[in-house]
Amino acid sequence: MEKFEKWTGLVAPIDHSNVDTDAIIPKQFLRSIHRTGFGPNLFDEWRYLDHGAPGKDNSKRPLNPKFVLNNKRYQGASILLARENFGCGSSREHAVWALEEYGFRVIISPSFADIFYNNCFKNGVLALVLDAQTIDGLFKDIAATPGYSLTVDLAAQTVTTPGGASFTFKVDEFRKHCLLNGLDDIGLTLQHAADIMAYEKRRRTEAPWLFPA
Amino acid sequence: MAGKTLYDKIWDAHVVRSEAGGTTLLYIDRHLVHEVTSAQAFDGLRLAGRSPWRVDAALAVADHNVPTTDRSQGIDDPVSRAQVEALDKNCAEFGIIEFDMADVRQGIVHVIGPEQGATLPGMTVVCGDSHTSTHGAFGALAFGIGTSEVEHVLATQCLIQKKANNMLIDVDGETPMGITAKDIVLAIIGKIGTAGGTGCTLEFGGQAIRALSMEGRMTVCNMSIEAGARAGLIGVDQTTVEYVRGRPFAPKGKLWEQAIAAWQDLRSDADAKFDRVVHIDAATIKPQVTWGTSPQMVAPIDGRIPDPGAEADPIKREWMERALKYMDLPPGTGITEIKLDKVFIGSCTNGRIEDLRAAADVVRGRKVAANIKLAMVVPGSGLVKRQAEDEGLDQVFKKAGFEWREPGCSMCLGMNADQLGPGERCASTSNRNFEGRQGKGGRTHLVSPAMAAAAAIAGHFVDVREWH
């Protein structure tokens with residue numbers, strides 16, 4: 001996983017609440033057995049006017065001019081700002097893969113759905129919670145200021161605006177540690193293999209029906 | 001000291017180690033695997049040169065992407081075929097039990113786990129699918145995970161977790177005639193909202209929940225995730241034990257006796273402390289129909305489409321306006337005035353034998369309305385299908401004009417050929433009415449199996465209570 005320390009980037013606003021993972025990456029793209037290739041189909045049904053399918057040449061498809069990510073001023077955005085309950089619905093990690101491949105390293109929302117939030121941290125994407133009022137202010141500032149960017153400092157847990165205003169955010173210490181160092185958590189868990197084996201030995205006695213021969 | 005909740009008990013029994021700050025290594029007893037979220041995890045294992053920690057804890061099946069029409073010739077679509085074949089190959093390579101597409105035991109992963117007795121009370125159960133919450137009906141801590149976590153479980157049999165809050169949904173009183181588990185859970189989501197359970201493990205209790213069959217309890221727990229909760233639980237009682245008894249993967253003989261003795265403790269203590277409690281009076285629940293693009297957007301059958309103009313919160317108002325535009329429904333429309341194009345009965349929410357019986361009871365001796373282009377029944381598993389055929393339910397559906405299909409996820413998410421066309425309106429027994437969920441531009445209304453069946457006959461929504 002790529003390390004995440006400090007990031008400055010252009011912010012794109014998706015001004016909707018409850019953006020679900022079906023909208024982030026529609027089901028037809030989940031048939032892929034690869035971990036890459038989802039970026040061009042991020043928000044496919046909002047982004048294009050025609051119906052997307054795996055294998056279709058996305059560069060030839062008609063873009064929806066009303067969709068915010070197609071707006072010229074948000075090209076190259078790497079921070080996504082959204083309303084509450086972002087990423088609700090399905091557990092598909094493809095949603096995070098699509099966002100990450102498109103170029104988003106940070107997603108800012110007043111709240112995230114649990115599984116999506118977890119999936120972000122497994123892929124070097126920082127899901128960052130700010131209060132709804134602060135976010136409301138950011139939406140207004142972005143609308144008023146072309147080229148609006150934010151700086152996110154994970155170690156300091158701050159978000160800084162171009163005007164120099166700074167907001168702090170909370171993040172679980174373990175997730176922060178893994179993200180800052182780009183750690184593979186399977187490797188971390190396997191360092192505790194002896195504990196897992198000891199647990200299994202005890203459970204075989206306590207609940208032997210869970211360990212059929 | 002306060003007593004423990006059921007969630008506390010299962011959690012405590014599965015802690016391998018915990019760190020300061022609450023980060024916990026949690027042991028996983030059962031890992032259910034399907035084709036859509038596993039291929040990249042198996043690739044990850046191979047890439048890192050790792051092997052599965054404990055293959056006998058895994059059970060695999062292809063469900064999301066399989067055709068529901070004749071499968072004897074395999075899958076036509078090359079992309080879908082490659083994904084299902086990848087699962088077959090990965091299971092063969094690593095020695096994981098898989099029910100392949102030709103196996104009568106094949107079906108939706110959340111139907112076959114319980115059906116096989118692979119889901120047991122007190123277990124931790126995970127799967128790369130958000131509707132894993134279904135298995136909580138057995139007093140098992142069951143939740144959906146992403147593909148990175150699928151790989152983590154394969155490699156370590158554990159997950160790194162932090163404990164969620166405890167939230168009790170107490171559905172008290174007697175459920176009126178004609179009201180099903182689906183109506184109960186939609187009413188709950190309507191009350192607490194689609195993010196109402198975020199950060200929590202739900203426990204469903206009260207007289208109305210106790211009175212449900214295991215099928216009904218699975219329907220309720222299945223939709224915990226639609227209320228934002230990764231897991232939903234119901235305490236173990238005699239109904240649970242009787243369902244599990246004798247199933248292929250369930251313990252036998254002395255182990256069975258030992259297991260059922262231990263399972264008696266799988267309920268919240270009387271003095272357990274919940275972080276949040278919500279009460280719902282079952283007697284007030286009516287048949288539910290969703291009208292928008294979130295399961296929270298739900299109304300009783302005698303209700304009307306709400307007016308976003310009356311909503312004070314501008315963010316909620318925008319959400320409602322957007323939903324109604326997508327659904328093409330003007331505020332004030334009566335729910336019973338909504339005409340339909342398609343009807344789908346199936347899914348991990350409502351594809352079990354009891355659901356098919358309820359739908360067949362409504363359909364028997366009647367005909368699907370002329371305006372319905374397609375009414376289809378997709379059993380949740382090969383065994384559900386066989387049971388239904390033994391009871392003659394397939395004939396009831398076919399005579400009425402329904403299509404009778406092979407098991408799978410089907411039109412719940414439309415990954416296979418079963419989809420809505422743009423603008424088509426569907427009464428569906430599934431769990432999500434998101435934009436484009438059943439096909440780009442498709443409009444989904446979530447209902448119970450009996451309500452879907454009645455809508456197929458009438459061509460629009462009707463109050464199924466008047467049909468009994």
Side-chain angles (χ1 to χ4, degrees), chain A residues 15-18 20 22-23 26-28 30-35 45-46 51-52 54-55 83-85 88-94 96-97 111-116 118-119 122-123 132 172-174 184-190 192-193 195-196 198-200 203 206-212, chain B residues 16-17 19 21 23 25 27 29 36-37 39-40 43 48 50 53 56 65 79-80 82-83 86 120 122-123 128-130 144-149 151-152 155-158 160 162 194-195 198-199 228 230 251 255-256 258-259 262 294 315-316 318-319 322 413-415 432 434-437 440:
Chain A
D15 199 355
H16 305 306
S17 53
N18 301 291
D20 59 73
D22 275 81
K27 70 250 169 199
Q28 63 267 37
L30 309 189
R31 292 184 290 165
S32 165
I33 56 172
H34 305 292
R35 216 175 175 118
E45 293 186 1
W46 294 348
H51 184 63
R83 301 284 185 182
E84 61 184 29
N85 199 29
C88 60
S90 139
S91 67
R92 59 187 72 169
E93 197 162 318
H94 314 65
V96 180
W97 297 336
S111 58
F112 291 93
D114 289 337
I115 304 177
F116 176 84
N118 201 41
N119 286 341
K122 306 285 181 193
N123 290 279
D172 169 68
E173 278 303 317
F174 179 74
D184 159 19
D185 60 7
I186 295 178
L188 288 179
T189 297
L190 286 174
H192 304 301
D195 290 338
I196 304 172
Y199 172 86
E200 285 182 326
R203 284 292 275 178
E206 283 174 6
W209 59 90
L210 296 174
F211 297 86
Chain B
V16 172
R17 58 175 284 129
E19 313 278 345
T23 300
L25 200 57
Y27 191 80
D29 295 314
V36 178
T37 56
Q40 296 89 343
D43 278 348
R50 289 171 177 142
W53 183 275
D56 70 330
N65 209 353
V79 188
S80 295
Q83 192 170 56
L120 295 176
M123 272 184 164
D129 188 279
S130 61
I145 56 179
T147 298
S148 293
E149 289 189 315
E151 186 181 336
H152 197 286
T156 71
Q157 210 51 45
C158 294
I160 300 168
K162 266 190 131 170
T194 183
T198 302
R230 281 178 89 173
L255 276 182
W256 170 254
Q258 206 180 337
S294 162
I315 297 170
K316 273 195 191 144
E318 187 271 349
W319 188 38
R322 191 179 163 83
L413 84 167
M415 265 193 81
R432 290 195 175 126
F434 298 157
E435 273 187 36
R437 170 79 177 180
K440 185 170 181 169

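First the proteins, then the strands, lettered A, B, ... as listed; each starts at 1. As the structure is a prediction and not an experimental result, all values here were calculated from the model. Computed over heavy atoms, backbone and side chain alike; hydrogens, waters and symmetry mates excluded.
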**Student:** Look at A:N123, A:D114, A:N119 and state which one has the largest set of heavy-atom pairs under 4.5 Å with chain B.
**Tutor:**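 Most pairs with chain B among the choices: A:D114.
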**Student:** Flag the one option from B:E318, B:R322, B:K316 with the top tally of heavy-atom pairs under 4.5 Å to chain A.
**Tutor:**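 Option with the greatest count: B:R322.
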**Student:** Specify which of B:A48, B:G228, B:G199 makes the most heavy-atom pairs with chain A at under 4.5 Å.
**Tutor:**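 Most pairs with chain A among the choices: B:G199.
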**Student:** Relative to chain A, which of B:A39, B:S80, B:G21 shows the most heavy atom pairs under 4.5 Å?
**Tutor:**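 It is B:S80.
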**Student:** So which of A:W209, A:F174, A:F112 has the biggest tally of heavy-atom pairs under 4.5 Å with chain B?
**Tutor:**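 Between A:W209, A:F174, A:F112, the count favours A:W209.
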**Student:** What I want to find out is whether A:D195 reaches B:R17 closely enough, with some N-O distance under 4.0 Å, to be called a salt bridge.
**Tutor:**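 Yes, this pair counts.
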**Student:** Working to the nearest 0.5 Å, report the span between CG of A:N18 and OG of A:S111.
**Tutor:**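 The OG atom of A:S111 is 8.0 Å from CG of A:N18, to the nearest 0.5 Å.
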**Student:** Check B:D43 with A:R35, please: is the shortest side-chain N to carboxylate O separation under 4.0 Å?
**Tutor:**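 Between B:D43 and A:R35 there is no salt bridge, as every charged N stays at least 4.0 Å from the carboxylate O atoms.
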**Student:** Checking B:Q258 against chain A: side chain, backbone, both or neither under 4.5 Å from a heavy atom?
**Tutor:**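 Both parts, heavy atoms under 4.5 Å.
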**Student:** Counting heavy-atom pairs under 4.5 Å to chain B, which of A:A198, A:C88, A:S32, A:G52 comes out on top?
**Tutor:**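 Winner by heavy-atom pair count: A:S32.
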**Student:** Before you tell me yes or no, could you show the steps for A:D15 and A:R83 under salt bridge (Lys or Arg N to Asp or Glu O under 4.0 Å), namely the whole-Å CA-CA distance, both residues' side-chain angles and the distance that decides it to 0.1 Å?
**Tutor:** CA-CA 6 Å; A:D15 199 355; A:R83 301 284 185 182; 2.6 Å; yes
**Student:** Looking at A:E173, A:H94, A:E206, which has the largest count of heavy-atom pairs under 4.5 Å with chain B?
**Tutor:**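 Max contact count across the listed options: A:H94.
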**Student:** Where does A:E45 contact chain B at under 4.5 Å (heavy atoms): side chain, backbone, both or neither?
**Tutor:**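 Contact with chain B is through both the backbone and side chain of A:E45.
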**Student:** Identify which part of B:I145 has an atom lying under 4.5 Å from any heavy atom of chain A, answering side chain, backbone, both or neither.
**Tutor:**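 For B:I145, backbone heavy atoms alone lie under 4.5 Å from chain A.
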**Student:** Tell me, for A:H34 versus chain B, whether the close heavy atoms (under 4.5 Å) come from the side chain, the backbone, both or neither.
**Tutor:**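 Contact with chain B: backbone only.
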**Student:** So, A:W46 versus B:E435: side-chain donor-acceptor pair below 3.5 Å or not?
**Tutor:**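 Side-chain D/A pair, A:W46 to B:E435: present.
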**Student:** Under 4.5 Å from any heavy atom of chain A, what part of B:K162 do you find: side chain, backbone, both or neither?
**Tutor:**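 The side chain, not the backbone.
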**Student:** Output the option from A:P212, A:P208, A:G55 having the highest count of non-hydrogen pairs under 4.5 Å with chain B.
**Tutor:**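 Answer, by heavy-atom pair count under 4.5 Å with chain B: A:P208.
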**Student:** By a 4.5 Å heavy-atom criterion (distance strictly below it), what part of B:T23 contacts chain A: side chain, backbone, both, or neither?
**Tutor:**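 Interface part for B:T23: side chain.
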**Student:** Contact between A:L190 and B:R50 at the side-chain level, heavy atoms closer than 4.5 Å - yes or no?
**Tutor:**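 SC-SC contact between A:L190 and B:R50 confirmed.
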**Student:** Contact part of B:W256 toward chain A, heavy-atom cut-off under 4.5 Å: side chain, backbone, both or neither?
**Tutor:**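 Contact with chain A: none, neither part.
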**Student:** Side chain from CB out, backbone as N, CA, C, O: work out which of these in B:E151 comes under 4.5 Å of a heavy atom of chain A, or both, or neither.
**Tutor:**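 For B:E151, backbone and side chain are both near chain A.
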**Student:** Which bit of B:A259 comes within less than 4.5 Å of chain A, counting heavy atoms only: side chain, backbone, both or neither?
**Tutor:**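 Both the backbone and the side chain of B:A259 come within 4.5 Å of chain A.
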**Student:** Using heavy-atom distances under 4.5 Å, tell me whether B:R437 contacts chain A through its side chain, its backbone, both, or neither.
**Tutor:**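 Looking at B:R437, backbone and side chain both touch chain A.
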**Student:** Is there a donor-acceptor pair under 3.5 Å between the side chain of A:R92 and the backbone N or O of B:T37?
**Tutor:**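 No, A:R92 side chain to B:T37 backbone: no donor-acceptor pair under 3.5 Å.
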**Student:** Examine whether an atom of A:P26 lies under 4.5 Å from a heavy atom of chain B, and if so say whether it belongs to the side chain, the backbone or both; otherwise answer neither.
**Tutor:**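 For A:P26, neither part sits under 4.5 Å from chain B.
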**Student:** Out of A:S91, A:A132, A:A207, return the one with the most heavy atom pairs under 4.5 angstrom to chain B.
**Tutor:**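 Top count of heavy-atom pairs under 4.5 Å with chain B: A:S91.
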**Student:** Under 3.5 Å, is there a donor-acceptor pair between the B:W53 and A:E200 side chains?
**Tutor:**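 There is such a pair (donor and acceptor under 3.5 Å, judged by atom type) between the side chains of B:W53 and A:E200.
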**Student:** Please check: side-chain N/O of A:D185 versus main-chain N/O of A:L188, any donor-acceptor pairing under 3.5 Å?
**Tutor:**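 Side chain of A:D185 to backbone of A:L188, a donor-acceptor pair under 3.5 Å: no, none is there.
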